[in-house]
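Chain letters run A, B, ... following the sequence lines, proteins first, then strands; residues in each count from 1.
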Protein chains: 2
Amino acid sequence: MLTEAARLLTGRLERLGTLSVADKQAVQSLVQHPAVHEARTDVFCDGDQRRELHLVLSGFFCRYKLLADGSRQILAILLPGDLCDPNLFSNAPYDFSVGALARGCTAALSRPPLHELFRRPALARAFSLTRHFDDALSREWLVNLGRRGTEQRLVRLLSELTWRLEAFGLSTGNKITLPLVQADLADSIGVTHVHLCRTLKQLQSEGLLRTERGRIVISDVAGLRKAVGVWPSYLAGLISVATPLQEPVAPRRQLEAFVEPLAI
Amino acid sequence: MLTEAARLLTGRLERLGTLSVADKQAVQSLVQHPAVHEARTDVFCDGDQRRELHLVLSGFFCRYKLLADGSRQILAILLPGDLCDPNLFSNAPYDFSVGALARGCTAALSRPPLHELFRRPALARAFSLTRHFDDALSREWLVNLGRRGTEQRLVRLLSELTWRLEAFGLSTGNKITLPLVQADLADSIGVTHVHLCRTLKQLQSEGLLRTERGRIVISDVAGLRKAVGVWPSYLAGLISVATPLQEPVAPRRQLEAFVEPLAI
DNA sequence: CGGGTCGTTGAGTGGGGTCAACACGGGTGG
DNA sequence: CCACCCGTGTTGACCCCACTCAACGACCCG
């Protein structure tokens, strides 16, 4: 499983820039401690000291915060290949938690040697790019929560997930099954699970998706994306050239130039 | 003005960790191109190519996104000493804008030599810490927008600003004047300016603040913070030990250990 | 003095929250 | 095998927070 894990990570990084064989080996040698997490269990909690860096291997995870009244706000949904902690260099205790939404595995990367990898320009670039997308997503979520109605929030969240899954080769075709419970979506877009259920029915009646116990089946990915209206430019660079929709996508070449290497 | 600007930046960084004289000189030599920005003008716009890194010298600025329907979501409010771009290493076009909320100045740091500074462990640590707080703030905003009612959102936003201003020596005492228009607050917490006005009146009747044309005067900072209920632990490390409220603050010493230096 | 930005207030509306009750399925233990 | 329970999904009734539209007032500027 360790080698699979290592492959996943390098595979992900390679989509963001060319890596040498030595680069890949350097990354792969760091992947350790695979672990299984059942749904609704935590990888780490708000207040925990930061230790190794956790990498999602399979399943769906999320970053979230719990409030005094027990309600939960999900900050980001993590897919296979994503890093649980957006900040590779912080050493402060976590101010958020990461938990599994659906059963899945993680691996751990110890941080000091990880920091060493930033000596390698190609890897520094790739890791910085993952960071870039992490930021861009959280900005989108902020806009979503602040300025849009429930249906748009939901449609955009689901659409984001389809783009990300597709970008990393985790889905193909016009149908995607998300192993998410309705409460997870509700806590992501800041509405109650009751209201989320109704909004989901709405989309269902439009033929975009189907609900099953414990999963959401998007039966018309293209239609869903169309319901968003605009092309997700904040994901430019993540989405490959193979999927033009409305605006033209930045050519793959440009991607390489997106992030400066650390000048070392 | 350039030397003032340089001092501001090093002063800010020094609050996050000890710097050598050489460190400070290295930073100061990069500060260039001071510029004045009138209120409601942009420093850069969504879609612009990333060039130099802008540093706020004075005034209030904000990161924001404009939506198709013309509405605006503010992503962060930037105070003197803050960097306009959270991501020092990205080279992608901006996916958000930065504008002045109140008349103020910026300076520019050219990126390649800035990246060189990461060779210096103390500076790498300090810059990473600023990043850490930037992240922590955006997570708080996400929670705010997703899970809280208008009054709490507003109280927490204002309270955040008081803590940050105080932490960086930009305010003292129990009274703070914010050079913000009501629409700015409304666009920050995701409500209409009409509703914000009413909520403001509410707080005003509780004796916490006063409104003037173009500014909000917080007349009872302590009372405002009390209205939040909890201590802003997400700012631990930023807020000095001098201001204990409810929970004990992490001792200054620990701060040094918050961020790993780049292993170089 | 006039126009523009900013603030304030009112009236009416509706989106989304709250509180219930219930249905369903899958697990657990007897 | 059934009884039970708990997590999940669904629906209805009710209500209120916040949005919308609108008009007006205050202040600042030219």
Q: Taking only Lys NZ, Arg NE, NH1 and NH2, and the carboxylate oxygens of Asp or Glu, determine whether Asp46(A) and Lys65(A) approach each other closer than 4.0 Å.
A: no

Q: What's the NE2-P distance between His195(B) and dG14(C), to the nearest Å?
A: 18 Å

Q: Would you call Asp134(B) and Arg63(B) a salt bridge, using N to O less than 4.0 angstrom?
A: yes

Q: Could you check which of dA20(C), dG16(C), dG10(C) has an atom nearest any side-chain atom of Val194(A)?
A: dA20(C)

Q: Going by an N to O cut-off under 4.0 Å, is there a salt bridge joining Arg72(A) and Asp184(A)?
A: yes

Q: Base, sugar-phosphate or nothing for Arg40(B)? Non-hydrogen atoms, less than 4.0 Å.
A: sugar-phosphate

Q: At under 4.0 Å, does any side-chain N or O of Gln182(A) touch on OP1 or OP2 of dG7(D)?
A: no

Q: Using 4.0 Å as the upper bound for N to carboxylate O, is an ion pair formed by Arg131(A) and Asp135(B)?
A: yes

Q: With the threshold set at under 4.0 Å for non-hydrogen atoms, list the residues of residues 149-160 of chain B touching DNA chain D in residue-number order.
A: Gly149(B), Thr150(B)

Q: Choose from dT10(D), dG26(C), dT20(D) the nucleotide whose nearest atom is closest to any side-chain atom of His193(A).
A: dT10(D)

Q: Does the dG7(D) base have a donor-acceptor partner in the side chain of Arg213(A) within less than 3.5 Å?
A: yes

Q: Is the closest basic N to carboxylate O distance between Glu166(B) and Arg164(B) below 4.0 Å?
A: no

Q: Can you tell me the distance, in whole Å, between the CZ atom of Arg147(B) and the C1' atom of dG16(C)?
A: 12 Å

Q: Between dT20(D), dT10(D), dT8(C), which one does the side chain of Thr192(B) approach most closely?
A: dT20(D)

Q: Just N and O in the side chain of Thr211(B): are any of them under 4.0 Å from OP1 or OP2 of dT8(C)?
A: yes

Q: Identify which nucleotide among dG9(D), dG17(C), dT8(C) has an atom closest to any side-chain atom of Val191(A), counting heavy atoms from C-beta outward.
A: dG17(C)

Q: If I take atom CZ in residue Arg198(A) and atom P in nucleotide dG9(D), what distance separates them, rounded to the nearest angstrom?
A: 15 Å

Q: Using the benzene-type ring in the case of Trp, are the ring centres of Tyr94(B) and Phe44(B) under 6.0 Å apart?
A: yes

